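Let me begin by presenting the structure, written as structure tokens, before commenting on it.
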Amino acid sequence: MAISETSFLYFIGGSKGGVGKSILSMILADFLTKFKNRKIILIESDTSNPDVGKTFAHNDDVEVLSLSLDNADGWIELVNYSEANKKDIVINSAARSGEAVEKFGGTLIGSLEELHRQLVSFWVINRQRDSIELLKKYMDIVPGELHVVRNTFYGEPQKFELFNGSKTKIEAEKRGATIDLPDLADRVTDDLYSNRLSVARAMETMPLGNRAELKRWRSAAWNKLNEIGIGNYQPQTEEKPSKKGDKS
């Protein structure tokens, strides 16, 4: 009997630019490395503006790879890279990534079993109708565990009325959870991006007031991810075929 551990591939989607994919990618990478003590690979698929990748340029726990997923070659390379590396992978998708997933995502989805990887999707939404429609389209294409993230930068959870009362929410929660990404003060968010700081690095270098706000936000976000079991790894059991004469 062989015991092996499944690696995870976390896809951060939302399709719309500015919805909050980058900040979620940053805190997920921070959670996996600093809370769960994992070493990960971050794939920055927004090659024209790799803002998240730049924040981890000097982080030993995060290997950064810039990879365009706008074409078939990018998805082939993603599968090949996933086969050659056993670390968990976090993909920060680019705007309009839903179109690329629809065209080329089958390359990855069809390879997951052989890769011994579990796909976990996070779909970030705002309060607009098209955000929900893009989510539904993604759900029709991509199977497996999925968590919808209400970005509370756009308002308190109860203000996401279109999503909260939708059939899409009911269907999504059969596959995962709805979680709320806490809002982070603009001045701290701006510092993260303008100075290209990871959350961990910012906790060491920002002024005290900024660090206090970041610490509050980080703790709240970590709690959300921990509650839904992100980073909990259970070994898989693979039974070898029995030989002739073996008693069952």
Side-chain angles (χ1 to χ4, degrees), residues 5-14 20-46 50-67 81-82 85-93 117-124 145 147 149-153 176-177 179-235:
E5 188 177 270
T6 297
S7 299
F8 284 75
L9 194 154
Y10 299 98
F11 183 89
I12 315 298
K21 298 186 297 293
S22 292
I23 195 69
L24 179 62
S25 297
M26 289 175 66
I27 193 60
L28 177 59
D30 180 69
F31 173 81
L32 291 171
T33 56
K34 300 306 178 185
F35 188 81
K36 292 294 184 178
N37 298 313
R38 307 286 293 189
K39 291 185 181 295
I40 67 167
I41 297 165
L42 173 72
I43 292 183
E44 180 60 88
S45 67
D46 188 352
D51 51 351
V52 177
K54 290 176 181 177
T55 68
F56 292 102
H58 304 290
N59 190 310
D60 293 336
D61 295 326
V62 182
E63 178 184 346
V64 178
L65 176 68
S66 182
L67 182 64
Y81 196 80
S82 298
N85 296 272
K86 299 306 179 185
K87 297 177 184 176
D88 289 343
I89 294 175
V90 174
I91 299 176
N92 179 40
S93 71
R117 285 189 179 273
Q118 181 175 332
L119 176 63
V120 179
S121 300
F122 289 88
W123 195 266
V124 190
E145 185 175 341
H147 305 288
V149 182
R150 292 181 292 211
N151 186 355
T152 62
F153 170 81
I179 64 173
D180 299 315
L181 180 65
D183 188 21
L184 178 63
D186 289 347
R187 64 186 297 172
V188 181
T189 305
D190 292 344
D191 275 353
L192 289 175
Y193 287 122
S194 61
N195 295 313
R196 295 176 180 173
L197 296 172
S198 67
V199 175
R201 182 63 177 158
M203 289 295 296
E204 299 174 352
T205 60
M206 281 185 174
L208 180 57
N210 294 42
R211 294 201 313 271
E213 164 63 3
L214 184 61
K215 183 178 180 181
R216 175 203 65 80
W217 176 81
R218 183 196 212 187
S219 178
W222 276 9
N223 286 339
K224 298 290 185 183
L225 294 169
N226 198 44
E227 285 171 3
I228 61 173
I230 300 303
N232 292 342
Y233 300 89
Q234 295 182 347

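What you see is a predicted model, and the numbers here were worked out from it, not measured in a lab. Heavy atoms only: backbone and side chains are in, while hydrogens, waters and symmetry mates are out.
Between V188 and M206, the closest heavy-atom pair is O-CE, 3.7 Å. When every heavy atom of A221 is checked against every heavy atom of I27, the shortest pair comes out as CB-CG1, 3.6 Å. Residues G13 and S93 come closest through the heavy atom pair CA-OG, 3.5 Å.
Taking CD1 of I23 as the reference point, atom CH2 of W217 lies at 4.0 Å (rounded to 0.5 Å). Atom CG of N232 sits about 11.0 Å away from atom CG of L225, to the nearest 0.5 Å. Taken to the nearest 0.5 Å, the CG atom of D183 stands 7.5 Å off from the CG atom of N151. Separation of atoms OH (Y81) and CD1 (I41) is listed at 4.5 Å; rounding is to 0.5 Å. Here the straight-line distance linking atom CG of N59 with atom CG of L197 works out to 11.5 Å at 0.5 Å rounding. For the atom pair F56 CZ and N92 CG, the distance stands at 10.0 Å (nearest 0.5 Å).
In terms of modelled atom types and a separation under 3.5 Å, the side chain of T33 and the main chain of R38 share no donor-acceptor contact. Checked by atom type and distance alone, the side chain of T152 pairs as donor or acceptor with a backbone atom of L181 at under 3.5 Å. At distances below 3.5 Å, at least one donor-acceptor pair connects side-chain atoms of H147 with backbone N or O atoms of A177. Judged by distance alone, with hydrogens and angles left aside, the side-chain atoms of E213 form a donor-acceptor pair with the main-chain N or O of A185 at under 3.5 Å. Listed for the S22 side chain is no donor-acceptor partner under 3.5 Å among the backbone atoms of V52. Between the side chain of D88 and the backbone N or O of F8 there is at least one donor-acceptor pair closer than 3.5 Å. Using a distance-only test at 3.5 Å, with no hydrogens or angles considered, no donor-acceptor pair links the side chain of N226 to the main chain of W222. When atom types are taken as modelled, the side chain of D30 and the backbone of M26 share no donor-acceptor pair closer than 3.5 angstrom.
Counting heavy atoms of neighbouring residues, nucleotides and ligands inside a 6.0 Å radius, atom CZ of F153 does not exceed 12 of them. By the neighbour-count criterion of 12 heavy atoms within 6.0 Å, atom CZ of R187 is sparsely surrounded, having that number or fewer from other residues, nucleotides or ligands.
By the 4.5 Å heavy-atom criterion applied to side chains, L214 and D191 are not counted as neighbours.
Contacts classified as salt bridge (Lys or Arg N to Asp or Glu O under 4.0 Å) and involving residues 50-63 (residues at least two apart or in different chains) are given here: K34-D61, K39-D61, E63-K87.
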Report task. Please lay out, stage by stage, how F31 and V199 fare under the test side-chain contact (heavy atoms from CB on, under 4.5 Å). Result -> CA-CA 10 Å; F31 173 81; V199 175; over 6 Å; no
Report task. Please test E145 against I230 for side-chain contact (heavy atoms from CB on, under 4.5 Å), starting from the C-alpha separation and ending with a verdict. Result -> CA-CA 11 Å; E145 185 175 341; I230 300 303; 4.2 Å; yes
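Residues passing the side chain to side chain donor-acceptor pair (under 3.5 Å) test with R201 are E204, sequence neighbours excluded. Under the side chain to side chain donor-acceptor pair (under 3.5 Å) criterion, R211 pairs with no residue, sequence neighbours left out.
Paired with Y10 under the rule side-chain contact (heavy atoms from CB on, under 4.5 Å), one option of I91, I89, L32 passes, and it is L32.
A salt bridge between E227 and K224 is absent, with no side-chain N of the basic residue lying under 4.0 Å from a carboxylate O of the acidic one.
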